[in-house]
> 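Quick one: the structure is below, and I'll ask about it shortly.
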Protein chains: 2
Amino acid sequence: MLSDVMEDYLKGIYILQERAEPPISTSQIADYLDVTPPTVTSMVEKLDDRGLVEREKYKGVELTDEGVTVALEVLRHHRLLEAYLTEHLDYDWSEVHEEADVLEHHISEEFERRVAEALDDPTVDPHGDPIPNADLSPPDDAEHTRLSEHEPGTTVEISRVSDREEEELRYLKDANITPGTVVRIVDVAPFGMVTVAVSDGGRQSLPEEIADSIRVKRVETDAVSAEEVPEA
Amino acid sequence: MLSDVMEDYLKGIYILQERAEPPISTSQIADYLDVTPPTVTSMVEKLDDRGLVEREKYKGVELTDEGVTVALEVLRHHRLLEAYLTEHLDYDWSEVHEEADVLEHHISEEFERRVAEALDDPTVDPHGDPIPNADLSPPDDAEHTRLSEHEPGTTVEISRVSDREEEELRYLKDANITPGTVVRIVDVAPFGMVTVAVSDGGRQSLPEEIADSIRVKRVETDAVSAEEVPEA
DNA sequence: CTTTTACTTTAGACACGTCTAATCCGGGGC
DNA sequence: GCCCCGGATTAGACGTGTCTAAAGTAAAAG
């Protein structure tokens with residue numbers, strides 16, 4: 001019987017592990033979950049006791065296989081819900097996150113099954129994030145690179161945008177940066193800001209943290225030649 | 001900011017008030033919510049402090065108007081969810097209760113609105129229970145009488161069956177006692193057991209607590225004359 | 001009018017998840 | 001090789017919701 005809170009810790013640690021190599025530090029977790037470091041310390045002790053994380057004092061934690069499974073289960077719930085809300089309840093993809101963040105802890109396995117069925121077993125959510133499949137095997141995230149790691153001139157297709165802040169998402173949507181869109185990278189500033197040209201001719205600059213959280217797939221350059229974009 | 005638990009108490013007290021005149025005693029609540037009486041005492045103190053119930057020590061509690069409003073909000077969530085799960089996620093009406101009991105505390109107002117819209121503002125849930133409308137005015141429950149208060153020989157149409165125990169509901173469904181069905185009352189035993197004849201010719205005996213929780217509407221007797229039922 | 005009894009409340013404990021304040025490592029700079 | 005500083009942990013507290021055991025009360029039975 002894991003509490004909602006424990007599930008949130010495991011999900012958070014999983015996401016942090018996707019972003020950076022384990023071990024994940026106390027303060028990273030505290031930051032991500034918006035609690036104080038002592039709170040994290042006591043929680044990770046508990047998770048360690050239960051065998052959900054491997055903890056080394058003063059170093060940080062790493063999810064065990066069991067911890068990963070729980071995290072994937074929660075993530076599956078979250079992303080299925082996001083997809084369902086978008087497809088069947090007419091939510092916009094920029095506003096589903098909070099609802100899913102709560103409900104993910106409260107739906108039954110039966111509910112999960114029926115939602116997956118109603119959606120015909122989707123593999124990605126509306127933000128482009130992969131939905132772990134029912135057997136909870138770790139999804140493989142190859143081929144997707146970070147927007148921030150490409151050279152100017154490269155043309156890429158957006159595959160995933162992070163689903164954290166509703167504000168940000170609305171902004172990205174307005175700028176037409178959504179999964180499936182093809183953009184050309186115009187400039188990468190020394191402080192990490194990336195400027196891209198969208199197919200409608202607009203340009204958009206994105207600070208490092210954002211550019212880092214957007215995953216893309218490289219596209220053959222001539223694929224967008226029909227929609228050429230001006231240089232400046 | 002009411003906790004889930006407080007919402008459960010308020011909903012429970014509301015339902016108990018529908019069944020019996022207030023004040024509602026500590027032990028009735030304890031029984032209904034499956035907690036011990038001291039737990040109830042401390043909780044109702046808190047609810048009293050917040051103005052959600054009127055409490056008289058050693059007597060019991062009664063919901064204030066504000067308490068009623070909260071209870072209706074929760075009940076609206078519950079019943080909309082039951083209806084939604086049945087209509088759009090292919091649940092059977094005998095299995096929706098538990099899912100709704102959890103989710104009712106966790107859906108946003110936005111979610112409520114969209115579900116109501118998807119269902120075209122339904123007025124009753126799959127068990128026949130009235131869904132409070134969005135303005136949370138107390139639903140009026142006239143015309144519905146208890147199955148247990150009718151004379152043998154009377155013909156009635158089932159309008160509501162309680163939604164408490166999945167087991168019971170499945171049993172009732174198998175016996176064809178569902179909202180909309182017309183039955184004739186064959187016998188009322190001195191210990192409260194009611195025997196009814198269903199239109200397919202079967203008969204069904206129901207113990208007092210069940211017969212008490214089933215609400216019915218009286219029907220003109222000749223309405224079922226085409227499907228006459230044997231005496232014994 | 002007193003006693004009994006059923007129910008309610010008080011007292012005190014515990015698990016959970018959180019906090020602040022204080023202490024404690026451990027690795028980088030000197 | 002020592003010190004310092006930033007981050008981590010311990011200590012101790014609190015609010016919530018629950019429990020068991022003990023004490024109290026009200027109303028029915030005698």
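Here is how names work: the chains are called A, B, and so on, in the same order as the sequence lines, proteins then strands, and each is numbered from 1.
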> So, does A:K57 get its side chain near the phosphate of D:dT10, meaning an N or O under 4.0 Å from OP1 or OP2?
yes

> Could you tell me whether a side-chain N or O of B:H77 sits under 3.5 Å from a main-chain N or O of B:H105, the two making a donor and an acceptor?
no

> Rounding to a whole Å, what distance do you find between A:E56:CD and C:dG26:C1'?
13 Å

> For the pair B:K11 and B:D101, find out whether any cationic side-chain nitrogen is under 4.0 Å from an anionic carboxylate oxygen.
yes

> Tabulate protein N/O versus nucleotide N/O from nucleotides 3-7 of chain C, keeping only pairs under 3.5 Å, one per line.
none

> Applying salt bridge (charged side-chain N to carboxylate O under 4.0 Å, His left out), name anything that partners B:R146, two or more places apart in sequence or on another chain.
B:D212

> Tell me, please, which residues at least two apart from A:R114 pass side chain to side chain donor-acceptor pair (under 3.5 Å).
A:E110, B:E95

> What residues, two or more places apart in sequence or in another chain, satisfy salt bridge (charged side-chain N to carboxylate O under 4.0 Å, His left out) together with A:E117?
A:R113

> Answer yes or no: does a side-chain N or O of A:Y9 lie under 4.0 Å from OP1 or OP2 of C:dT18?
yes

> Whole Å only: how far is the CE atom of A:M6 from the C1' atom of C:dT18?
14 Å

> Any idea how B:Y84 and A:Y84 line up, ring-wise: parallel (<30°), tilted (30 to 60°), or perpendicular (>60°)?
perpendicular

> Taking CG from B:D4 and P from D:dG15, how many angstroms apart are they, rounded to a whole number?
20 Å

> For B:Q28, I'd like to know if atom CD has over 12 heavy atoms of other residues, nucleotides or ligands within 6.0 Å.
yes

> Please state whether the phosphate of C:dT9, meaning OP1 or OP2, lies under 4.0 angstrom from any side-chain nitrogen or oxygen of B:R55.
yes

> Between the side chain of A:E99 and the main-chain N/O of B:S108, is any donor-acceptor distance below 3.5 Å?
yes

> Among C:dG17, D:dT18, D:dT10, which nucleotide has an atom closest to any side-chain atom of A:K46?
C:dG17

> Does A:E112 have any salt bridge (charged side-chain N to carboxylate O under 4.0 Å, His left out) partners at least two apart in sequence or in another chain, and if so, which?
A:R76

> Does A:Q204 offer a backbone N or O that forms a donor-acceptor pair with the side chain of A:T195 under 3.5 Å?
no

> Is the phosphate of C:dG26, meaning OP1 or OP2, less than 4.0 Å from a side-chain N or O of A:K59?
no

> Could you state the atom-to-atom distance from CG of A:L47 to C1' of C:dC16 in whole Å?
13 Å

> Between the protein and nucleotides 19-23 of chain D, which nitrogen or oxygen pairs come in under 3.5 angstrom?
| unit_1 | atom_1 | unit_2 | atom_2 | d |
| --- | --- | --- | --- | --- |
| D:dC19 | OP2 | B:T36 | N | 2.9 |
| D:dC19 | OP2 | B:T36 | OG1 | 2.8 |
| D:dC19 | OP2 | B:T39 | OG1 | 2.5 |

> Rounding to a whole Å, what distance do you find between A:M43:CE and D:dT10:P?
16 Å

> For B:L2 and D:dT16, give me the distance from atom CG to atom P, rounded to whole Å.
12 Å

> Calculate the interatomic distance between A:D31 atom CG and D:dG7 atom P; express it in whole Å.
10 Å

> Any side-chain N or O of B:S3 less than 4.0 Å from the OP1 or OP2 oxygen of D:dG17?
yes

> What nucleic acid atoms does A:E45 come within less than 4.0 Å of, heavy atoms only: base, sugar-phosphate, or nothing?
sugar-phosphate

> If I take atom CG in residue B:D49 and atom P in nucleotide D:dT16, what distance separates them, rounded to the nearest angstrom?
11 Å

